Every structure is written in C-alpha cells, then in structure tokens.
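Comments concern the structure below.
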Amino acid sequence: GQNIDQPTEMTATEGAIVQINCTYQTSGFNGLFWYQQHAGEAPTFLSYNVLDGLEEKGRFSSFLSRSKGYSYLLLKELQMKDSASYLCALDNYGQNFVFGPGTRLSVLP
Amino acid sequence: DTAVSQTPKYLVTQMGNDKSIKCEQNLGHDTMYWYKQDSKKFLKIMFSYNNKELIINETVPNRFSPKSPDKAHLNLHINSLELGDSAVYFCASSQDLFWDRPYNEQFFGPGTRLTVL
C-alpha cells in the first residue's frame with residue numbers, strides 16, 4: 001500500500017515563508033500533486049512534480065526527492081487568503097490518486 | 001460557466017434510503033472520478049471511469065455504484081444508506097495523458113454534503 005504523512009496544522013504570519021512537508025512510502029508512482037482546499041470548497045490544483053527538484057510557480061514552489069520519499073510545498077509572501085488546507089497526493093499513473101491527510105495552514109496578521 | 005458541477009449541494013436523508021448524486025463536466029475530459037471526504041478531511045478516491053473502463057477502489061462497498069450515461073456525466077448511486085456514509089462527495093475530471101501533457105490535473109466539483117440520519 002501507500003502511506004502519506006503531513007503535519008496536521010501549521011501557523012504562520014502574513015508576509016512570511018512557510019514550508020509544508022509531505023513524506024510517503026510507496027513502491028512506485030508517476031508524480032506528486034499539491035492541491036489547495038479552502039474550508040467548505042473543492043480542492044484546486046497547485047503543482048505537480050515528476051522529476052526530483054524544485055518547480056516554481058509564482059509565490060508557490062514544490063520540491064520532490066524520490067530517494068528520500070519526501071516533498072514540500074513552499075509558500076512565500078504569505079497572504080491571509082493562503083489560509084487553507086494543503087493536500088499532497090501520489091499519482092499512480094493516472095489510474096489512482098492517493099491523497100495525504102492534508103495540512104491546515106492558518107495565516108495570522 | 002461551471003467546469004464540473006454536482007447536484008445536489010446538500011443531501012439529508014434517512015438510513016436505509018437510496019439516493020443519487022449527479023455530476024457533469026463541460027471540459028471535454030476523458031476521465032471522471034468520485035471521491036469521499038470524511039469528517040477528518042481525508043480525501044479518498046472511490047472510482048475512476050474512462051472510456052467505459054471502471055476502476056474501483058476495492059474498499060468501496062458495493063452499495064455504491066457509478067453510472068455514466070455519456071462521457072460528460074458520472075452519477076453516483078448509493079443503496080441502503082448507512083450512518084457512516086455521511087461525508088462530502090466530490091466529483092472530478094481530468095484529461096488523458098498525452099505527449100505534451102505529462103500529468104492529468106484534476107478539476108473538482110463543488111462537492112455534495114451527504115448527511116445520513
């Protein structure tokens with residue numbers, strides 16, 4: 001099976017940088033997704049990593065290390081609207097997706 | 001201009017009843033999915049459906065059955081509802097992988113909050 005772990009909650013200050021970690025155990029996967037989910041809303045796509053390394057998209061970056069079974073999402077210049085849950089998910093070759101438990105991020109003024 | 005829509009948004013029903021949730025996507029995507037998000041916010045895939053190929057998560061009870069009248073619709077029918085079925089159900093869709101599309105980002109519907117009394 002596949003096991004994914006994320007911190008349950010994190011708190012950060014507006015304007016700061018926060019790193020949300022995702023560790024996993026799996027025998028193989030195509031890539032790793034990050035989704036954002038605001039309370040009471042649907043998840044929305046943030047990023048995808050298939051190769052090791054950093055993918056940058058504006059204020060958000062995502063990193064993957066397959067050898068270490070580890071990914072992180074980096075959020076820069078935090079804004080109040082970034083308060084949400086962040087879900088990492090393993091992509092099993094487009095046939096199945098396994099989501100982590102999510103990290104609830106609170107951004108304080 | 002909704003990409004993935006679901007109805008109803010809220011569904012409250014009694015144990016033992018049968019209910020359906022409808023999902024439609026106007027993105028022209030090839031694959032549709034159903035997810036269950038429980039009270040602890042775990043998002044778990046239930047089904048994926050692509051060109052009439054149904055992939056079922058083996059942990060899903062057979063009281064749950066997806067029905068796809070066409071490529072743009074994937075409805076979820078639930079028989080003999082139980083208390084543990086209370087959750088938010090999300091429909092999603094994605095385009096197939098292709099040489100210029102290395103991943104299949106999923107677009108989620110707004111969710112249906114099911115409460116079984």
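A quick note: this is a predicted structure, and the numbers were derived from the prediction, not measured.
Residue A:P101 comes nearest to B:F42 through the heavy atom pair CB-CZ, 3.5 Å, listed as atom of the first residue, atom of the second, then distance. Across all their heavy atoms, B:I45 and A:F97 have their closest contact at CG2-O, 3.6 Å.
The contact list for residues 72-81 of chain B toward chain A, using heavy atoms and a distance under 4.5 Å, is empty.
Remark: A:Q79 pairs with A:R59, A:K81, A:D82 by the side chain to side chain contact (heavy atoms under 4.5 Å, CB included) rule, at least two apart or across chains. With sequence neighbours left out, A:T26 forms a side chain to side chain contact (heavy atoms under 4.5 Å, CB included) with A:Q2, A:Y24, A:F29, A:L90.
Atom CG of B:N62 is surrounded by 12 or fewer heavy atoms from other residues, nucleotides or ligands within 6.0 Å. Annotation for A:E77: atom CD does not count as buried by contact number, only 12 or fewer foreign heavy atoms lying within 6.0 Å. Dense packing is recorded around NZ of B:K71, with more than 12 heavy atoms of other residues, nucleotides or ligands lying under 6.0 Å away.
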message = Let's go through A:R104 and B:K41 carefully: what are the C-alpha distance in whole Å and the side-chain angles of both, what is the deciding distance for side chain to side chain contact (heavy atoms under 4.5 Å, CB included) to 0.1 Å, and is it a yes or a no?
response = CA-CA 10 Å; A:R104 189 162 66 237; B:K41 306 302 180 189; 5.6 Å; no
Less than 3.5 Å apart, which donor and acceptor atoms pair up between the side chains of residues 105-117 of chain B and the rest of the protein, not counting sequence neighbours?
unit_1: B:Q106; atom_1: OE1; unit_2: B:Y35; atom_2: OH; d: 2.9
unit_1: B:Q106; atom_1: NE2; unit_2: B:Y35; atom_2: OH; d: 3.1
unit_1: B:T112; atom_1: OG1; unit_2: B:Q6; atom_2: NE2; d: 3.1
unit_1: B:T112; atom_1: OG1; unit_2: B:P8; atom_2: O; d: 2.6

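No single ILVMFWY cluster, assembled from side-chain heavy atoms under 4.5 Å apart, contains both B:V4 and B:Y33.
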